[in-house]
Amino acid sequence: MEEVREYRALFAVDIVGSSGRGDVALGQIRQVLSAALHASFTRGGIDWDDCLRHDLGDGMRVVAPAGTPETSLIHPLVHELTARLRAHNLLAGKPTRIRLRMALHAGSVQVGRDGTVSGRPLEVLARLLDAEPVRAALAQDPEATTALLVSEHFHETAVCEGRPGIEPAAFRRVDVREKEFAGSAWLHVPAYGGGPQATGPAPDRTASDVDAPAGNTKVISKASGHGVIYALGNGTMNIGGKQ
């Protein structure tokens, strides 16, 4: 089978505590996650149909199209995904609430003509997704919807420059030792409203007191039926129905 080697940005997510919820709840969760990922990638200017996707059962691995800027997989993608899932959780029952571990890496991988992807960068991505620091971040902060671990390489190429929407100070360096992988990575826990937030102790918040990046106030309100209204301070309003 003919393969080509290409540099690709790699993204993976895993649902926390998916086992034991039953097939019906897990099916609903998977549908919500898939729709949220699709919408968040699209919002970040990444064509979902051009991504190479691999179903992980209780998560998903996404290989972005060649040439995709790594920064776009952090902002707006990560923050958009966090906001969408938090809005879902406000209306969902306990069995269908979603919390995610997320990982980002990039590197040269083998891409087959049939869309299969292989290579060492995928192994690194898997180790980051299962790493103790990202698991501990969610265990220690039950209010957090997502936690992200990015590789040292990804941090250097996408975080250090501090592009709009990406705050280097909101990432904390951690040590990762998972199976054959050992190295440094960077942990980020998005703010409760979906924007950047430093990974220190979080102040008390309620569902009606949701943070958002300065200058772009976001209010999440319940709507009739199954919709959620996202109202932004700049006047934009998005109404997301049940996916």
Notebook entry, point to check: Which residues pass the side chain to side chain donor-acceptor pair (under 3.5 Å) test with Gln110, sequence neighbours left out?
Noted result: Glu3, Arg5
Next item on the list: Could you pull out all residues at least two apart from Gln140 that satisfy side chain to side chain donor-acceptor pair (under 3.5 Å)?
Entry: none
Checklist line | Spacing of Asn89 atom CG and Leu85 atom CG [to the nearest 0.5 Å] | finding: 6.5 Å
Note to self: Within this structure, what is the CZ-CG distance for the pair Phe11 and Leu129, rounded to the nearest 0.5 Å?
What the structure shows: 9.5 Å
Notebook entry, point to check: Is the closest basic N to carboxylate O distance between Arg135 and Glu132 below 4.0 Å?
Noted result: no
Check: Which residues, ordered by chain and number, are linked to Leu138 in its hydrophobic cluster, where ILVMFWY side chains connect at heavy-atom gaps below 4.5 Å, directly or through other members?
Finding: Val16
Check: Got a sec, which pairs hit salt bridge (Lys or Arg N to Asp or Glu O under 4.0 Å) with one end in residues 91-103, sequence neighbours left out?
Finding: Asp14-Arg101, Arg101-Asp130
Margin query: Any salt bridge linking Arg84 with Glu80? Criterion: basic side-chain nitrogen under 4.0 Å from a carboxylate oxygen.
Written below: yes
Notebook entry, point to check: Which residue pairs pass the ring-ring contact (aromatic ring centres under 6.0 Å, His included) test when at least one of the two sits in residues 118-137, sequence neighbours left out?
Noted result: none
Checklist line | Under 3.5 Å side-chain donor-acceptor pair for Thr82 and Thr145 | finding: no
Next item on the list: Kindly indicate whether the side chain of Leu81, heavy atoms from C-beta on, has any atom under 4.5 Å from the side chain of Met102.
Entry: yes
Notebook entry, point to check: Side chains of Val174 and Ser184: does their closest heavy-atom pair fall under 4.5 Å?
Noted result: no
Note to self: Check Lys179 with Glu123, please: is the shortest side-chain N to carboxylate O separation under 4.0 Å?
What the structure shows: no
Checklist line | Working for side-chain contact (heavy atoms from CB on, under 4.5 Å), residues Arg173 and Glu152 | finding: CA-CA 9 Å; Arg173 190 171 187 173; Glu152 185 76 55; 3.4 Å; yes
Note to self: Just verifying a value: how many Å separate Ile166 CD1 and Ile74 CD1, rounded to the nearest 0.5 Å?
What the structure shows: 4.5 Å
Notebook entry, point to check: How is the hydrophobic cluster of Val117 composed, in terms of its other members, when Ile, Leu, Val, Met, Phe, Trp and Tyr link through side-chain heavy atoms under 4.5 Å apart, directly or indirectly?
Noted result: Val4, Leu10, Leu52, Val63, Val109, Val111, Leu122, Leu125
Notebook entry, point to check: What side-chain hydrogen bond (donor to acceptor under 3.5 Å, both in side chains) pairs are there with at least one residue in residues 45-56, not counting sequence neighbours?
Noted result: Arg30-Asp55
Check: Say you draw a straight line from OG of Ser40 to NE2 of His79; how long is it, rounded to the nearest 0.5 Å?
Finding: 11.5 Å
Margin query: For Glu178, give me all partners under salt bridge (charged side-chain N to carboxylate O under 4.0 Å, His left out), at least two apart in sequence or on another chain.
Written below: none
Item checked: Salt bridge Glu180-Arg120, side-chain N to carboxylate O under 4.0 Å -> yes
Note to self: Which residues pass the salt bridge (charged side-chain N to carboxylate O under 4.0 Å, His left out) test with Arg61, not counting sequence neighbours?
What the structure shows: none
Next item on the list: Find out whether Leu148 and Val134 are in side-chain contact, i.e. whether some heavy atom of one side chain is under 4.5 Å from a heavy atom of the other.
Entry: no
Item checked: Residues that, via side-chain heavy atoms closer than 4.5 angstrom, fall in one hydrophobic cluster with Val24 -> none
Notebook entry, point to check: Applying ring-ring contact (aromatic ring centres under 6.0 Å, His included), which residue pairs with at least one partner in residues 90-139 are found, sequence neighbours left out?
Noted result: none
Next item on the list: Take the angle between the ring planes of His155 and Trp186 and call it parallel below 30°, perpendicular above 60°, tilted in between.
Entry: parallel
Item checked: side chain to side chain donor-acceptor pair (under 3.5 Å) partners for Ser18, two or more places apart -> Asp58
